[in-house]
Each structure stands twice: as C-alpha cells, then as structure tokens.
Undergrad: 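So that we are looking at the same thing, I have put the structure below in structure tokens.
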Amino acid sequence: MAKYPEYKTLDLPSREKEILQFWEEQHIFEESISSRDGKPPFTFYEGPPSANGLPGIHHVMSRAIKDIFCRYKTLKGFQVKRKGGWDTHGLPIEIAVEKTLGIRKEDIGKKISVEDYNKECRREVMKYKEAWEDLTRKMGYWVDLEHPYITYENKYIETCWWLLKQFYEKELLYKGYTIQPYSPAAGTGLSSHELNMPGAYRNIKDTSVVAQFKIVLNDDAKRILNVVPKEEVYLLAWTTTPWTLPSNSALAVGKDITYIKVDTFNPYTHDRVAVVLAEAVKEKYFPEKYSSIPFEEYEQGIVKNVPYKITDHILGKNLKGLKYEQLLPYVQPQGKAFEVIIGDFVSTEDGTGIVHIAPTFGADDFRAAKQSGIAPILVRDENGNDVPLVDKTGRFVKEVTDFAGEFVREEYLTHEEKEAERKKQGGDKYLSVDERIAIKLKKENKAFKVEKYEHSYPHCWRTDKPILYYPLDSWFIRTTAKKERLVELNKNINWKPESTGTGRFGNWLENLVDWNLSRSRFWGIPLPVWRTEDTKEEKCIGSIEELKSEIQKSISAGFMDTSHLEHIDAMRDDFDLHRPYVDNIILVSPAGKKMVREKDLIDVWFDSGSMPYAQFHFPFENKEAFQKSFPADFIAEGVDQTRGWFFTLHAIAGMLFDSIAFKNVVSNGLVLDKEGNKMSKRLGNAADPFETIEKYGADATRWYMLTNSQPWDNLKFNEEGIKEGQRKFFSTLYNTYAFFALYANIDGFTYKEKEVPLAQRPEIDRWILSELNSLIRFADENYNDYEPTKVARAIQDFVSDHLSNWYVRLCRRRFWKGDYTEDKISAYQTLYTCLETVALLMSPVAPFYAERIFKDLNNATGKIKWKSVHIADFPQYNSKYVDKNLEERMELAQKISSMVLSLRKKANIRVRQPLQKILLPATDNDFVNNVTAMKELILAEVNVKELEFIPDDSDILVKKIKPNFRVLGKKAGNKMKEITSLIGTFSQKEIAQLEQKQKLDVQVSGEAIMLLPEDIEITYDHIPGREVASDGRVTVALETTITEKLHEEGIAREFVNRVQNIRKDKGFEVTDHISVVVKKHPRLTPSVLANKVYICAEILAASLSFTDNISESDSVPVELDDDISTLIKISKA
RNA sequence: AGGCAAGUAGCUCAGUGGUAGAGCGUCCGUCUGAUACGCGGAGGGUCAAAAGUUCAAUUCUUUUUUUGCCUACCA
C-alpha cells in the first residue's frame, strides 16, 4: 500500500537536491510549458544579465520575483514561455578586458588589434556563465537557458540595425552634438564613469568675473525696469570661466527669483551705473553699511567704499525677453541671441542669480538655449563645419583675434610655452587668458567684480589637467519628438509600486532629452550609418541583405573587391557585424562618392531595449512568435533599471510601434546588509548566494526575502531572518505534514473514501476549510495584483496560527484515538486538503518544498493527475466553504481560551488540573449564541467542566463605559472633549439607565444631547470577588475551587502524562498495548482507581495494577505532585 | 542641487482620521504521544521634528531632518 514518506528531519537543502534531480530527470520545466499548449500565453521578458560578473544575493531577489509570477500564471492555466538572455556588450566588459590585458583605451588598435581586442571581450563576457547557470538552477529559477538570446550574435545585431533604420526613416535618428566632459590634453571625451573616479574632482583657483551686460533700452525695457533718463542699466552675471564669455549668447534668470535694480558706481571705472542682480545676493555686493554713504563723497574721492541705492524690484519672469549688447563681439551668432531667458537651474547660492549662458560650453547652457531658441556662437572651419570658438586642442580659434591660438586654460601650457608667452606679453608673470579677459573687461566698463575663486572641478584622470565641457558629435534618437506619446503610453502600464511609474519614471519622461546613442568604444553594436566625407550624403543600413546589395554596388563602383561579398552571411562563423569588419566596408553614395561608416557604437541600453524584437530575430524570422508575445504581460527588475532597461523598452516600443512594451512591471528595491549598508565586495559585507542557499536552502532564502519586506522596499539582508522563516514556517509545515503522515500511514488513509459532505463534517473541520478557502481567494487576488509579500505572509499565518497551532492541536485525538470512523476520515480529508492546498499556494514562492509535500501526498493518493505541483491547477476558491460567522466564532473561542489559560496562570493552576466552571457576562444574544456553539471546544481546550453565562442585568457585574468615538464624534463635533469627560464620570446607575431606556439625555455646554446605545461602548470592568480577564468586549471569570473529585481527576491526568512519557522513552510504538504496574501510594491509588477506565483508554493499557513490591531496576520513578512520588513499571501487553 | 521612497517597540515589519499592533529578541512561567522549531505572560512607543486643517492627526497638508536609490554637477 502507498505510504506517505516520513523524514527524520526537515533538512531543506537535502530535500531541494532531491527535487532538483526530479525536475531535471522528468523535464518538469519543459512540461510546465508544453502542458499548456494551446492555452492563452502569458508573456514574460527576461532582462538579460551580464555574465562578466558573479551573481550576487540581490539577483536571487529579483529572479525570485520573476519566477513567482511565471509559476503562478502557469498554475492559472497560461502558457508562460521564458527565454533567457545574455547582455554581452558595454563598458564594464571593455574595462575588465583592459585590466586583464594591462592596456588602456588608446592602446586599442595599436598594441592590440581591434579584432583581437573584441575576441577578448567576447570571451570575457561569458566568464561567469557557468556560475550564473548554476545559481539559476539552485535557486529554482525557471528560465530557458538552452535557447537564450545573446546580444552579440549577428542575428541579434541585425534586428537592432533594422530598428535603427526604422528610427532613421522616421527622421528620429540624427547627428548632433551635446556638451560632454572632454580632455583636450588627451583629445578624448570622458565618460561619467571616468569622472566619478576617486580624485577626479579637485579644488582649483580660477579667475572669476562678474560681468556687466548692457541692456538695450527699448520701450519694453524702460517700462519693466522703470528706467530714468540717462540711466544705463546692466545685468550682472558671474562666471568662473571667463574664456567662455566670447561665446555668451544669453543670460538666464529664475522665474520666481526677485531681482533688484541698484543705482551705484562701477568700482573700476567709477562710472555711474545701474545694475540688476538677485535680491538674495545683495549683501555680497552691496553691504548694508554702505547704503548711507552719499554719492557725492564717492564721486569726490572722499570715501573708497562704493555707495548704492536700490531703485526697483523686479520678478525674474518679467525680465524674460530683455535684450542686451554682446559683451565680447568677436563672432556674431546665426540667429536669435543676447536675450534674457528663464532657466530652471538658476539659484542664488553663488553668483548673482543671473547665469551667463555659453551654449557651446555648458550642458545646462546648451539645454536652456535650445529650449529658448537661442543660437550658439559658432564659426565655420576650413571643412565648412560649424565649430565653437575653442578647438579640440583647447585653443581659441583665429576669429577670437585678441587671443587667437591661445590655450584657454593655463594648465594646458607647458612650462616653456608659458615662459615664451610671458616674454611676448612683456610682463613679469604669465597672464592667463582668463586674467587678460578680466583686465580687458575692467577697462571697458564691463566687469563689476574680479576675484580668485576656489572650487572643485573635474580633472582628466589620464593627464591630471582640468577637463572642458565641450560640444562633441553624437548620434541621437529624437525622443523629445515623441515625448507626449511616451508619457501617454506610460499611463497604461501597471507599475508596482505605482510611485515608480508616476514619480521616478513619469518625471523622467516629462523631462526627457534626446537619447544620446553614441559610444566611442569597440565592443558593441556598430552604428549602421555610412557617410560621405563631405557629410552631404548618408545611408542607414537596416539588414544584412541590404548591406550585401550595397556592397555589390560598391564593388561595381570599384571601392571594394569581390572577396568581401562571400563573407556576408549571418550563418557564417567568419562573418561578424562588429568592428573592425564593418569599418572596412566602404559603400558608394548615389552621387558615386565613397561612404565610410560613422565610427560610433551604440549605447548598450539600446541592445537590451531591443530584446522584444531581437530575441526573435524579428522581422527576419518568427514574425508570428513576436506578435504573439508583444507587448509583454510582465517584467521585473531592480528599481535602478527605471532609466535603463525600463526606459529603453518603453522608448523603442512607443516610438516605433506606438505601443507599450510591457503591461505590468515590478521594480524591486535593493538588498542591503543587515546594518542597512550597500553590499560591496570591497567592504566584505556581500552575502554569497551560493553559500546562503547551501546553508539554508533556496526556499527559505526566497521565502525570507519575500515575507520580510515588500519587493520594492529595500531589504536589510539578515541570516537570522532566514532562520526565523525556517522555524516559523517550514518547520511548522513539516511537523504538520509529519503528524499527518504518521497517523495516515497507521490508518492506511489514502483518500480512497468518498468525500465526507461538508455538512457532515464537525465544526472544526468546516472552520479550517473556511479559513482555507478565504486564503485561496486572498492568495489568488494578491498574486494577480503582483503582491507576493501579502500572499506569503498570509500563507505563513494560516499554517502556523490556524492549521498547526489550532486545528491540529485541537484535533490530535481524532487522529490517534478510536476506530476508522467517518469523523476520523473527515479529519484526514480535511488536513490532507489543507496541506495539498498550501503546497499549491506556496509553490510559486517556495517551489522546492511545495513540490516535496505535493509529491509525498499525491504519490500516495494519486488525487491529482499531474506529477508536479508546478503543472497542477491553482486551487479553486469555493464560496460554499466560507462561513465568515464561523471564522468569527472560532476567533472568539480562541480568545476566550487564551483568557482562561491566563487566569489559570494567575491562580497558578496547571492545565492538567480540571476546574469546574467559567463564567461569562452575557453581553448580547449573538455573543451567547456564538459562545454556546463553541462551548465544547472551549471547555476541552481549557480543561474546565462547565460554562455559565451571567445575565447582563445581574447585580454582580460592574460595567465600564466609553464613547464610541467614530459614531459620537460625527454627532457631537466640537463638544467631543466635554462629552468624553462627562461619560467618564457616569455611575453604574446611569449606565444601567442608558441600557434600559436605550437612551440618555445629557447636558453639554447648556445643550441637550441624547446619547443612544450606538454612541457608546459598554464593557465589563470586573466581577467583585472573582479573578477576571478582559479583552475588548469579552470578559471571563474562572471558578478556581478544586474539589476532592477534581483533584483526583487532576492526579489521574498527571498519571497518564507520566506513563505516556515512559512509553515514549522506551520507544514503544503509538499503537502498542501495555501492562502497567504501580507501586502503591496512599494519595495516588484512590485517584487512579476512580479514573481507571479513562486512564487505561488513554495509555492503551490492557491491565493496570498496584503492588507494594516493585523492583527499582525495571521500573521508573515518577513525581506526580509535590507530595506524591511512586514507581511505575510498564511492559508490552 | 533635483526626483522617488522610507523613518512606528531593542530588531524586522503590519496598520489606521476615533486615543497603537504582530513576530523575533529580553525577562518570568509552562505544556506536549506532531512541535522547546511549542505555549502563556510581562516589560518595552512623544508612531523622526515642528506648524497647519479637524471635535479628534501616528494617519491629511506644508516645512524641516535622517537614510537609501536615481539623475545632475553647474554659472
């Protein structure tokens, strides 16, 4: 006959290894998909990890979340395909390779060929593939790693090219420039990563200038600034980089900042001027103490301090549109310029509250100017390209006549160069460009203040020289053109938590800038754009086929030879769409000119954002498969991906397909160490996922991570928490199963009997089934709502509080006492159903142990046709089983039992000692009915013989009254405080009156208010002369008198307990019958004899006798009470 | 600097416009033929701070503050 396996210990890690073997041998994962053939699909996209680093514990977290919902949806009957993937490009890989080879970026192409370098990258990126696969397996994450998509494969790249061409054709892909950190000395742009290296930011002293920009006094200006005759008005703006002043083309103010117009003198030229600056910075330039100096005294040279007078206040937004004269007119702009604009970044922290805007040399400047339609200052170089006033070596162009060919920062000059310059200048000391600009401005009444200013400024880590912010060519996706649509589409995405979608992601979309795709690296997807040298003609290639035909043309034009053609085949090993191969391809333009590829690679985020299409090699293959699985139903990654993968998926889908890419997204928080610090290998506080799983098991780890905090909250990872979950949940569940298995095996229960109808099951069974069905419903709703934490916590509470510590505890005897009756079968069926259902409900979160229990149960009964819990169907909620009233009644019974036990404790009477009676005030009919229904259960639980109600109007009850704030508050309003204190003074008589008449008139602040029963809450305070326990509306008193008869029963119970212990110690089977011989004892013998039938039934005794002579060697000494000791001898009957 | 989130008992977390809870830990006690991986009890809180709205705020609003993440790094 089929048996339920019994285990010596829980040992989760061992159980998991067995299950893992079972899954693999039986191909359960594959079957969980194939068994759903023809069912509706549920689409999941796997965000590809990069295998060039070892997986961490946080990966267990994010992958557990992915796994949970895929498993859940499978149980719900969906077909959930999940293709794994690998992210293979990107800077971290290149840097790792550079480190391994001991080279730098500039060595690539010199010390090592691009071809060999990329070979290294290709190897590097899969360095830890095995470790990743191992973790995936061990943690129980089901994803298809047999057929993953890999971003470096030709097919994958081809789809990306196709996508880029779609952008290109919609005129959403263009070449432009942005302001980026640039090192003129090294001749290269710097990544933000390089700028964040320690030591990159250093303090340097710069010449700072507050420049005077002369306002053009047209009618508007006169009106806005209240200009008086002969007044000349200047805007004051501060800069620490005077060399950018020739490139100034706008001034920015804050729209809500208040500005003042000040009548004063220029401290260098002593000219009378009116200057505008933020009121908040006035003290810095115009100390209060100078305000009283008469202007004449300064003019006459009597005082040196500059006097001033505030003549007007203007709000920033009113300054918008004012025109001013160009400060240093070397080069004229092509378009609107020299206007006051609004900048959201303007502050009054330093400077003047007016910001000098040089669109070619500042990121904020560039953006603000673009928004306001302000033109940058550019010159045309010999190639006919527009370039800024400073060239790529860091020198002024010739158009800046006074400083033509000079380095803008003195740090770029060598010692010798400086010396030569000094001689040319004719001074004692070399004067930098900044200093000479300052001098020039001073002379021309254009500088208001010049001083040295020390600040932190980024430096190039290679050359140690300060960087410049410089416009560099880049390819962009014009995301701003589709901004509104992307915002709109985002509203159809269900974000967990919602705030990430509306806040972090929503704000990001609102403030979208064009997506800079360019990366000047080697290992990545090459930008498929070819251009003629004069940039007049260009071509974007969208497929290998197209590339082939273009090469054909190029061969015809004589730019390439035919040998190139034979390689062009995605299936060939020697064909590769990476650099350097694509760089060697020269195409021909329609006009017959040579075209070479733009050197850039594309942002790796484009790779991963393309995965919905590229994983299927769409549109070249699998069109149908793609269409069926787009958009995804569900994705999940860390919240740090908001601007990464989440965005690129959204941008590509929204801009090219006018669709969202995913319907539901869970963004989980970080995993921190137990102190709340970020985990890092350097600090040595990073938890090793392999060790953790080996030690505690994947289930306990997963369970802990999901029950401890919501996925989107940060998790303070603490091994103690895993242990707690093991104890509280897994051990309890294991014990419950072990209990079931022990007795079911003895009784041969295999669920062969007909289902005992609900109505014929005892109340306790109906209760746990009601709780179980409530749990099914709750779990289903919350899984469906992507709330795994709520589900797992609810399952845990059910198992530990309801199932183990109440149902099983109360039902123990039903399992091991008596014959195989309907009641016993009902108990088995009920407990079996609970265990089986719990296994199903928990299986998404704890897939291993759920499988163990499911198999152990199902192998014995064959009740469910599926061989795995993960292929079975989600439990069906049945409202017929739910009886909320019963659930409440049981809660009441638990409460009363607990209160009686606490009274026993107070009186120091152990539970084995039976007591006569408990007394309960009869609050109302419902209460009486509910308690009466639970009477037997309560009495058995607390070992008391009777339960009696005290009539509510009985004199012995003392009542307590307090307002029902919720109800009375609405009625009484601002008299609440008074009423509360009035009610507090009520006597027993007044309470009784209120109860009898169902109302009570009271006076509050001279106003009559009628108190009704619903306005107040009456509870029982105490019962004079008795120990009582109160909890909310329930009060219990316990009769603690122990009669002789009760005492004897107590002794009998103690006796049973001792014998049971001896049985257990001796290793008897629970079914063994025994003979018992006891040494006579005057206090014990009568008690035992009086309860002999009961005792013999409990301990399965065939005989029970007393004797005077018993040898100590084959008997056991026991102590039954403080003054009762004896010897007991038991043997198998 | 901006955005988002969090701040409740020693720890981990629930919760609510009506006078604050659980688990763990601590201390005391105790049961058990599934279970010391249990059970009962005690102690422990200005619900981060302040102001406002309200009869009533831990809860709503504003400000401040601490922590974490993301973005930016600037005249």
Side-chain angles (χ1 to χ4, degrees), chain A residues 10 192 195 201 208 237-241 244 252 343-347 349-358 362-365 455-458 469 497 499-500 502-508 511 638-640 642-644 669-670 672 674 676-678 707-710 712-716 718 720-721 723-724 726-732 734-743 789 793 796-797 800 804-805 808-809 812 815-816 898 901-902 904-906 908 910-912 962-970 972-980 1057 1060-1061 1063-1064 1068 1070 1098-1099:
Chain A
L10 172 57
S192 58
L195 228 52
Y201 279 84
S208 77
W238 180 63
T239 180
T240 56
T241 51
T244 62
D344 53 10
F345 51 86
V346 178
S347 77
E349 298 278 308
D350 10 55
T352 60
I354 300 175
V355 177
H356 144 61
I357 299 291
D364 277 342
D365 309 39
H455 61 149
S456 149
Y457 195 85
Y469 287 92
S499 61
T500 300
T502 53
R504 195 179 276 224
F505 195 67
N507 288 336
W508 166 255
N511 299 312
V639 69
D640 50 336
T642 308
R643 269 108 161 178
L670 299 164
L672 310 169
K674 62 180 172 190
N677 301 310
K678 203 176 171 179
T707 49
N708 188 66
S709 60
Q710 303 262 59
W712 33 88
D713 288 330
N714 289 348
L715 174 72
K716 288 185 192 165
N718 189 345
E720 289 304 314
K723 285 187 202 159
E724 190 180 325
Q726 259 184 346
R727 263 204 318 272
K728 204 153 101 184
F729 180 64
F730 289 100
S731 274
T732 311
Y734 158 74
N735 279 319
T736 308
Y737 166 79
F739 173 84
F740 169 81
L742 175 66
Y743 292 108
T789 305
R793 285 176 177 169
Q796 182 161 300
D797 289 346
S800 115
S804 169
N805 284 325
V808 174
R809 197 154 62 84
R812 274 190 307 227
F815 290 91
W816 51 264
S898 155
L901 291 173
S902 93
R904 276 183 171 275
K905 162 73 187 121
K906 260 189 207 158
N908 218 355
R910 57 179 50 140
V911 181
R912 272 196 225 103
K962 84 172 208 186
N964 181 341
F965 286 96
R966 207 185 284 270
V967 177
L968 190 56
K970 289 211 172 67
N974 59 7
K975 300 196 184 60
M976 255 323 260
K977 269 196 185 115
E978 259 182 280
I979 289 196
T980 305
N1057 167 251
Q1060 303 288 37
N1061 286 346
R1063 284 183 62 121
K1064 198 177 183 181
F1068 287 13
V1070 293
E1098 288 295 307
I1099 61 177

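Numbered from 1 within each chain, the chains take letters A, B, ... in sequence-line order. Below, each value reflects all heavy atoms present in this structure, side chains not excepted, and no hydrogens, waters or symmetry copies. Every value quoted in this text rests on a predicted model; they were computed, and no experiment measured them.
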Undergrad: Would you state whether a donor and an acceptor, one from the side chain of A:Arg812 and one from the base of B:U35, lie under 3.5 Å apart?
TA: yes
Undergrad: In whole angstroms, how far is the P atom of B:U12 from the CG atom of A:Asn714?
TA: 13 Å
Undergrad: Figure out the CG/P separation between A:Asp713 and B:U67, and round it to whole Å.
TA: 19 Å
Undergrad: Return the pairing partner of B:C39 with a 3.5 Å limit on both distances, Watson-Crick or G-U wobble; otherwise return none.
TA: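 When the pairing criteria are applied, B:G29 turns out to be the nucleotide that pairs with B:C39.
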Undergrad: Take atom P in B:G21 and the same atom in B:U58, then report the distance between them in whole Å.
TA: 15 Å
Undergrad: Would you compute the distance between atom CG of A:Asp797 and atom CG of A:Asn805 and round it to the nearest 0.5 angstrom?
TA: 11.5 Å
Undergrad: Paired with B:C24 by Watson-Crick or G-U wobble geometry, both distances under 3.5 Å: which nucleotide is it?
TA: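 Paired with B:G10.
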Undergrad: What integer number of Å spans the P atoms of B:C60 and B:G18?
TA: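 It works out to 11 Å between them.
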Undergrad: Rounded to whole angstrom, note down the C1' distance from B:U66 over to B:A48.
TA: 8 Å
Undergrad: Using both distances under 3.5 Å as the test, list the Watson-Crick or G-U wobble partner of B:U71, or none.
TA: B:A1
Undergrad: Nearest-Å distance, CZ (A:Phe739) to P (B:G38)?
TA: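 Checked: the CZ to P distance equals 18 Å.
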Undergrad: Would you mind classifying the nucleic acid contact of A:Leu670 as base, sugar-phosphate or nothing, using non-hydrogen atoms under 4.0 angstrom?
TA: sugar-phosphate
Undergrad: Can you work out whether A:Ser804 or A:Leu968 has the more 5'-proximal nearest nucleotide on RNA chain B?
TA: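 Here A:Leu968 is the residue nearer the 5' end.
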Undergrad: How long is the line joining CG of A:Leu10 and C1' of B:U35, in whole Å?
TA: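 These atoms are roughly 12 Å apart.
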Undergrad: Give a yes or no on whether the backbone of A:Gly669 and the side-chain of A:Asn714 come within a donor-acceptor separation of less than 3.5 Å.
TA: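 Pair absent, no side-chain N/O of A:Asn714 close to backbone of A:Gly669.
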Undergrad: Between A:Thr789 and A:Tyr457, which residue's closest nucleotide on RNA chain B lies nearer the 5′ terminus?
TA: A:Thr789
Undergrad: Mind checking the P distance from B:C39 to B:G23? Whole angstroms is fine.
TA: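 Looking at atom P only, B:C39 and B:G23 are 9 Å apart.
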Undergrad: Of the nucleotides B:G18, B:U35, B:G3, which has the atom closest to the A:Met976 side chain?
TA: B:G18
Undergrad: Looking only at the side chain of A:Asp364 (C-beta and beyond, no hydrogens), which of the listed nucleotides B:C74, B:A34, B:A14 gets closest?
TA: B:C74
Undergrad: Quick one: the side chain of A:Arg809 and the base of B:C39, do they pair up donor-acceptor inside 3.5 Å?
TA: no
Undergrad: Can you tell me the distance, in whole Å, between the CZ atom of A:Phe740 and the C1' atom of B:U35?
TA: 17 Å
Undergrad: Within this structure, what is the CH2-to-P distance between A:Trp712 and B:C4, rounded to whole angstrom?
TA: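 One finds 19 Å between P of B:C4 and CH2 of A:Trp712, rounded.
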Undergrad: I'd like the P distance from B:A72 over to B:U59, given in whole Å.
TA: 35 Å
Undergrad: Is the side chain of A:Arg727 donor-acceptor paired with the backbone N or O of A:Thr732 at a distance under 3.5 Å, no angle test?
TA: no
Undergrad: Choose from B:C24, B:C13, B:G68 the nucleotide whose nearest atom is closest to any side-chain atom of A:Arg793.
TA: B:C13
Undergrad: Closest to the A:Arg504 side chain: B:G18, B:C70, B:G25?
TA: B:C70
Undergrad: Would you say the side chain of A:Phe815 lies within less than 4.5 Å of the side chain of A:Val808, judging by non-hydrogen atoms?
TA: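 Heavy-atom side-chain distance check fails, nothing below 4.5 Å.
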Undergrad: Out of B:A34, B:C24, B:A6, which nucleotide sits closest to the side chain of A:Thr736?
TA: B:A34
Undergrad: Choose from B:G18, B:G23, B:C69 the nucleotide whose nearest atom is closest to any side-chain atom of A:Phe965.
TA: B:G18
Undergrad: Does a side-chain N or O from A:Asn805 land closer than 4.0 Å to OP1 or OP2 of B:C39, or not?
TA: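 Yes.
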Undergrad: If you measure from CZ on A:Phe965 to CD1 on A:Ile979, what distance do you get to the nearest 0.5 Å?
TA: 11.0 Å
Undergrad: Nearest whole angstrom, please: distance from the C1' of B:A56 to the CG of A:Asn964.
TA: 13 Å
Undergrad: Both distances below 3.5 Å, Watson-Crick or wobble geometry, any strand: find the nucleotide opposite B:G45.
TA: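 Across any shown strand, B:G45 pairs with none.
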Undergrad: Verify the ring-centre separation between A:Tyr743 and A:Phe739: is it less than 6.0 angstrom?
TA: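 Aromatic pair counts; centres sit under 6.0 Å.
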Undergrad: So what does A:Lys716 hit on the nucleic acid, given a heavy-atom distance under 4.0 Å: a base, only sugar-phosphate, or nothing?
TA: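 Touches sugar-phosphate only.
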Undergrad: Under a 3.5 Å distance rule, please check whether A:Glu1098 uses its side chain to pair with a backbone N or O of A:Gln1060 as donor and acceptor.
TA: no
Undergrad: Are A:Asn708 and B:C13 close enough that a side-chain N or O sits under 4.0 Å from OP1 or OP2?
TA: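 For B:C13, OP1 or OP2 has a side-chain N or O of A:Asn708 closer than 4.0 Å.
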Undergrad: In whole Å, what separates the P atom of B:A42 from that of B:A22?
TA: 10 Å
Undergrad: Of all the choices, B:C73, B:C4, B:U12, which nucleotide is nearest to the side chain of A:Tyr469 once you look at every atom?
TA: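 Selected nucleotide (nearest to the side chain): B:C73.
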Undergrad: Side chain of A:Asn507 only, please: which of B:C74, B:C4, B:A34 is the nearest?
TA: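 So the side chain of A:Asn507 is nearest to B:C4.
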Undergrad: What does A:Tyr743 touch in the nucleic acid at a heavy-atom separation under 4.0 angstrom: a base, only the sugar-phosphate, or nothing?
TA: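 Touches sugar-phosphate only.
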Undergrad: On a whole-Å scale, what distance lies between the C1' atoms belonging to B:G7 and B:U46?
TA: 15 Å
Undergrad: Could you work out the separation of B:C55 and B:G17 based on their C1' atoms and round it to a whole Å?
TA: 12 Å
Undergrad: Check every strand shown and say whether A:Gln1060 touches a base, only sugar-phosphate, or nothing at a heavy-atom separation below 4.0 Å.
TA: base
Undergrad: Can you measure A:Gln726 atom CD to B:G23 atom C1' for me and round it to whole angstrom units?
TA: 16 Å
Undergrad: So if I take every side-chain heavy atom of A:Ser709 and compare against B:G25, B:G18, B:C13, which nucleotide ends up nearest?
TA: B:C13
Undergrad: Give A:Asn1057 one of three labels, base, sugar-phosphate or nothing, depending on what nucleic acid heavy atoms sit under 4.0 Å from its own.
TA: sugar-phosphate
Undergrad: Rounded to the nearest 0.5 Å, what's the gap from CG on A:Asn735 to CG on A:Leu742? Could you check?
TA: 11.5 Å
Undergrad: Counting the atoms with a prime plus P, OP1 and OP2 as sugar-phosphate, which does A:Gly969 contact under 4.0 Å by heavy atoms, base, sugar-phosphate, or nothing?
TA: base
Undergrad: Of the listed nucleotides (B:C69, B:A14, B:G18), which one gets closest to any side-chain atom of A:Gln710?
TA: B:A14
Undergrad: So that I can tick it off, tell me whether A:Glu720 and A:Lys723 are bridged by a salt bridge, with the cut-off set at under 4.0 angstrom between side-chain N and carboxylate O.
TA: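 Salt bridge between A:Lys723 and A:Glu720, a charged N being under 4.0 Å from a carboxylate O: yes.
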Undergrad: What about A:Thr500: does its side chain form a donor-acceptor pair under 3.5 Å with the base of B:A5?
TA: no
